[in-house]
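The structure appears right after this line, and notes come after that.
Heads up: numbering here begins at 1 and tracks the sequence. Start at 1 and go down the list; that is how both ligands and their atoms are numbered.
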Amino acid sequence: MAVLEQTTSQKAINLENKYGAHNYHPLPVVLNRGEGVYVWDVDGKRYYDFLSAYSAVNQGHCHPKIVKALKNQSEILALTSRAFYNDMLGKYEKFACEYFGFDKLLPMNSGAEAVETAIKLCRRWGYEKKGIVENKADIIVCKNNFHGRTTTIISFSNDPIARKNFGPFTDGFIKIEYDSIEALRSELESNKNVAGFLVEPIQGEAGVIVPSEGYLKRAKALCEEHNVLFIADEIQTGIARTGKLLAVHYEGVSPDILILGKALSGGAYPISAVFANDEIMEVIQPGTHGSTFGGNPIAAAVAIASLEVVRDENLSDNAYRLGEIFRREINTFIENSNLVLKIRGKGLLNAIVINDSEESETAWNICLKLIDNGLLAKPTHGNIIRFAPPLVINEEQLFECISIITNTLREFENLTL
Ligand SMILES: *Cc1c(COP(=O)(O)O)cnc(C)c1O
């Protein structure tokens with residue numbers, strides 16, 4: 001049986017290797033089913049999913065309500081393009097705008113597309129409302145950001161692997177230190193051509209970097225002072241992940257432009273959106289921007305269902321409460337650990353830092369061992385492991401996962417000492 005099991009997953013891996021571009025380096029586990037906090041591999045082994053598809057699956061795998069919306073709408077009308085109206089898009093736009101507190105949204109599909117949309121919207125606002133000289137609008141971004149993979153977006157990344165041999169790059173971005181109000185102030189004071197400040201409330205891909213308390217609030221105030229749009233990329237942090245509906249809510253900040261993706265669909269469909277109030281969004285006119293699939297009826301139905309699940313199941317509160325427990329328990333482990341330096345995060349977006357170099361294989365090897373022990377997580381950088389389970393996880397399941405994690409870490413503790 002074991003031999004047969006192995007060939008099955010090995011076959012799947014071989015197929016991807018042979019016929020797929022090698023743009024990812026997955027952990028060697030082949031999944032074929034998911035439900036709630038669990039996924040199963042082709043051999044029927046069950047795992048806790050502690051990545052949640054980079055926080056796209058906040059509502060849990062195959063949430064029945066979301067699946068139902070997807071199924072129902074796909075049998076009625078899937079795609080019209082925006083050449084015609086459909087009877088779902090407006091309903092979704094009203095629902096989502098009221099949900100997040102904005103006048104309007106612009107529907108797209110992937111996260112990167114929504115970031116691109118926000119950049120275009122911000123620059124156009126810069127020229128038409130702020131009066132920046134043509135082609136001079138700058139957008140301030142932060143070092144070690146992750147906003148996606150398009151050419152414009154990697155133009156302001158400082159990850160050498162994401163950039164190498166993909167140039168020439170797009171101008172008009174200024175990189176400053178994350179979590180530095182002084183860096184933002186000095187750039188805003190010396191540069192009159194800044195249209196926007198694009199920031200992740202917590203830098204997810206950089207390793208769950210949580211800025212100092214008050215940073216976002218002060219950054220927003222500085223932006224207001226200089227007539228610069230505060231653009232929050234909440235594609236990973238938004239929709240209850242950090243224990244609030246949006247991570248900026250911890251500091252009472254309302255972004256001028258809000259970017260959402262990932263959990264906007266509960267992982268069922270690629271759905272992203274850019275939100276802004278009328279005085280900003282009105283710079284977008286017919287023909288200036290679009291997407292064939294953006295705002296399609298299935299996406300509209302799925303997004304409504306996904307947001308309803310977040311509200312009806314109190315996922316923000318659950319993420320907040322269980323996040324506190326998770327960090328408390330892991331911190332107790334860390335007190336007597338030479339292997340783990342710290343845990344950081346908010347709600348159920350957390351990461352541990354392993355006491356080893358960024359080039360080391362330790363975090364990867366820990367993740368391999370976690371697979372054996374029934375939990376899936378992935379390193380971000382060589383020495384950081386992110387833990388982000390679906391937000392539908394309950395306390396009992398969380399404690400079981402804490403045991404799996406600490407028992408696994410203990411095995412490495414002994415190895416490295
Ligand atoms: C995942 C992510 C993106 C890109 O989303 P895609 O759907 O992969 O294009 C952008 N910004 C942040 C913060 C993300 O986590």
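Contact annotation for atom 11 (N) of ligand 1: protein present (non-hydrogen atoms, distance under 4.0 Å).
Salt bridge annotation for Glu116-Lys120: absent, with no cationic side-chain nitrogen under 4.0 angstrom from a carboxylate oxygen. Comment: Arg327 engages Glu324 in a salt bridge, judged by a side-chain N to carboxylate O separation of less than 4.0 angstrom. Salt-bridge formation is not detected for the pair Glu234/Arg241: no Lys NZ or Arg NE/NH1/NH2 atom is positioned less than 4.0 Å from an Asp or Glu carboxylate oxygen. Ion pairing of Lys129 with Glu279 is absent here, as no side-chain N (NZ or NE/NH1/NH2) approaches a carboxylate O to less than 4.0 Å.
Between Tyr47 and Tyr38, the distance separating the two ring centers is not shorter than 6.0 angstrom.
Atoms of ligand 1 lying under 4.0 Å from any heavy atom of Asp233, numbered from 1 in the order shown and given with element: 10 (C), 11 (N), 12 (C), 13 (C). Within ligand 1, counting atoms from 1 as listed, the ones closer than 4.0 Å to a heavy atom of Glu200 are 13 (C). Here is the list of ligand 1 atoms found below 4.0 Å of a heavy atom in Gln236: 15 (O). In the vicinity of Phe146, heavy-atom distances shorter than 4.0 Å reach the ligand 1 atoms 1 (C), 2 (C), 3 (C), 11 (N), 12 (C), 13 (C), 14 (C).
In this structure, atom 14 (C) of ligand 1 lies nearest to the protein heavy atom Lys262 NZ, 3.0 Å. Residue, atom and distance of the protein heavy atom nearest to atom 7 (O) of ligand 1 are Gly111 N, 2.8 Å. With hydrogens left out, the protein atom closest to atom 9 (O) of ligand 1 is Ala112 N, 2.8 Å, a heavy atom.
Glu313 pairs in a side-chain hydrogen bond (donor to acceptor under 3.5 Å, both in side chains) with only one of the listed residues (Gln59, Lys65, His63), which is His63.
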Inset, instruction - For Arg386 and Glu205, run salt bridge (charged side-chain N to carboxylate O under 4.0 Å, His left out): C-alpha distance rounded to whole Å, both residues' side-chain angles, the deciding distance at 0.1 Å, then the answer. - result: CA-CA 9 Å; Arg386 173 176 27 203; Glu205 297 311 299; 2.7 Å; yes
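Distances from ligand 1 to the non-hydrogen atoms of Tyr54 include no value under 4.0 Å.
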